[in-house]
Amino acid sequence: PPSASGPFTVVLLGDDGVGKTALASIFAGAADSMQCDCEQYGGETVEQHMVVDGESATVTLLDMWDSQNGDSCPQSGDAFIIVYSITDRASFQKASELRVQLRQEREPNQTPIILVGNKCDLVRRREVSVNEGRTCAMVFDCKFIETSAAMQHNVWPLFEGIVRQLRLRRDSA
Ligand code: GDP
């Protein structure tokens, strides 16, 4: 049914430099996201057809530039990905602020939100532990995953997880 296949609009939020563009370019199918011309994707829209659990879904990913957006969160997303870098505690704090802001601006429990700790390949520069990320997600009532855009680790499970959450919401609506 069309209600379960989208198109879903998913918005990427997070501090500068946490890896939003890198995640978006993997989503866009870039062969080597770390070498792509990142301007190409920054602040833009990528549409992708995915097959999740044997069902197709269309996802439109919006890569927001936080610094250029001032402090306002977009109202238009079906789901939000809040990204921080595990190597940057300030970006983790920013993620919490964004979560609070989303909660204030949107009906609680209606919009799937995933907290993403990116750059998990940089183990020696880690400033935010897995447990802190997980705990923060529990407090804020959202899902949590650590990814590495550089290693392409957990990036597709992230997007697949969002599609599953969106279907659950639609199916129970
Ligand atoms: P944005 O400002 O959130 O869009 O961040 P970018 O995607 O432009 O990434 C900022 C910098 O971090 C770039 O130099 C990327 O190559 C690098 N980067 C992004 N993701 C990862 C990752 O998972 N691991 C590592 N080691 N570097 C990453």
Side-chain angles (χ1 to χ4, degrees), residues 8-48 50 59-103 105-106 111-137 140 142-163 165:
F8 300 118
T9 300
V10 177
V11 180
L12 275 170
L13 299 172
D15 228 345
D16 262 349
V18 296
K20 297 181 299 298
T21 307
L23 292 168
S25 52
I26 291 175
F27 183 75
D32 185 349
S33 67
M34 303 315 285
Q35 285 172 19
C36 76
D37 172 11
C38 284
E39 296 299 320
Q40 191 182 339
Y41 297 108
E44 287 188 7
T45 300
V46 181
E47 188 173 283
Q48 190 64 262
M50 298 170 63
V59 172
T60 303
L61 189 68
L62 302 183
D63 181 0
M64 305 300 293
W65 281 8
D66 179 67
S67 58
Q68 292 172 11
N69 259 338
D71 271 329
S72 73
C73 281
Q75 297 288 306
S76 54
D78 296 314
F80 291 88
I81 300 174
I82 302 179
V83 188
Y84 66 92
S85 165
I86 66 144
T87 65
D88 179 2
R89 179 160 292 277
S91 74
F92 183 59
Q93 268 140 19
K94 178 73 184 180
S96 293
E97 287 166 28
L98 286 164
R99 177 66 187 94
V100 169
Q101 217 173 334
L102 280 178
R103 175 184 272 169
E105 289 174 12
R106 303 191 62 98
T111 307
I113 297 173
I114 300 190
L115 182 67
V116 175
N118 188 43
K119 307 199 189 183
C120 70
D121 58 293
L122 298 176
V123 284
R124 298 170 77 177
R125 288 173 49 197
R126 182 185 282 275
E127 289 182 5
V128 182
S129 73
V130 182
N131 264 335
E132 283 178 283
R134 204 176 277 139
T135 303
C136 181
F140 287 129
C142 63
K143 299 264 182 191
F144 173 69
I145 192 169
E146 280 200 352
T147 59
S148 166
M151 306 294 287
Q152 303 218 5
H153 171 71
N154 263 354
V155 177
W156 284 106
L158 162 64
F159 292 116
E160 287 163 7
I162 288 164
V163 169
Q165 278 196 71

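From a predicted model like this one, the values you see are computed outputs, not experimental measurements. In listed order, ligands and their atoms are each counted from 1.
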* Evaluate the side-chain proximity of Glu160 to Val163: yes if any heavy-atom separation is below 4.5 Å, no if none is. => no

Side-chain ([X]) to main-chain ([Y]) donor-acceptor, under 3.5 angstrom:
| X | Y | result |
| --- | --- | --- |
| Ser25 | Ala28 | no |
| Lys20 | Gly14 | yes |
| Asp78 | Thr9 | yes |

Taking only heavy atoms of [X] into account, list the atoms of ligand 1 that are under 4.0 Å away from them.
| X | result |
| --- | --- |
| Ala22 | 7 (O), 19 (C), 20 (N) |
| Leu122 | 26 (N) |
| Asp15 | 3 (O) |
| Lys20 | 1 (P), 2 (O), 3 (O), 4 (O), 5 (O), 7 (O) |
| Ala149 | 20 (N), 22 (C), 23 (O) |
| Asp16 | 2 (O) |

* If you look at every heavy atom in Val100 and Phe140, which pair is closest and at what distance? -> CG2-CE2, 3.9 Å

* Answer with side chain, backbone, both or neither: which part of Asn118 has a heavy atom less than 4.0 angstrom from an atom of ligand 1? => side chain

* May I ask you to identify, for Val18, whether its side chain, its backbone, both or neither come under 4.0 Å of ligand 1 on a heavy-atom basis? => both

* Residue-ligand contact Leu12/ligand 1, heavy atom below 4.0 Å -> no

* Asked: For ligand 1, is there an atom lying under 4.0 Å from some heavy atom of Ser148?
  -> yes

* Look at atom 10 (C) of ligand 1 and find which of Gly14, Gly117, Gly17 reaches it with the closest heavy atom. => Gly17

* Give the single entry among Ser85, Cys120, Ser91, Gly19 that approaches atom 6 (P) of ligand 1 most closely by any heavy atom. => Gly19

* Just checking, is any N or O donor in the side chain of Ser91 or Asp15 under 3.5 Å from an acceptor N or O on the other one? -> no

* Side chains of Asn118 and Ser85: do they bring a donor and an acceptor to under 3.5 Å? -> no

* Asked: Can an N or O of Thr21 be found at a distance shorter than 3.5 Å from an N or O of ligand 1?
  -> yes

* Polar proximity ligand 1 side, Lys119 side, N/O cut 3.5 Å exclusive -> yes

* Asked: Is the shortest side-chain N to carboxylate O distance from Glu132 to Arg89 below 4.0 Å?
  -> yes

* **Residues Glu146, Arg134; criterion salt bridge (charged side-chain N to carboxylate O under 4.0 Å, His left out); working and verdict** => CA-CA 9 Å; Glu146 280 200 352; Arg134 204 176 277 139; over 6 Å; no

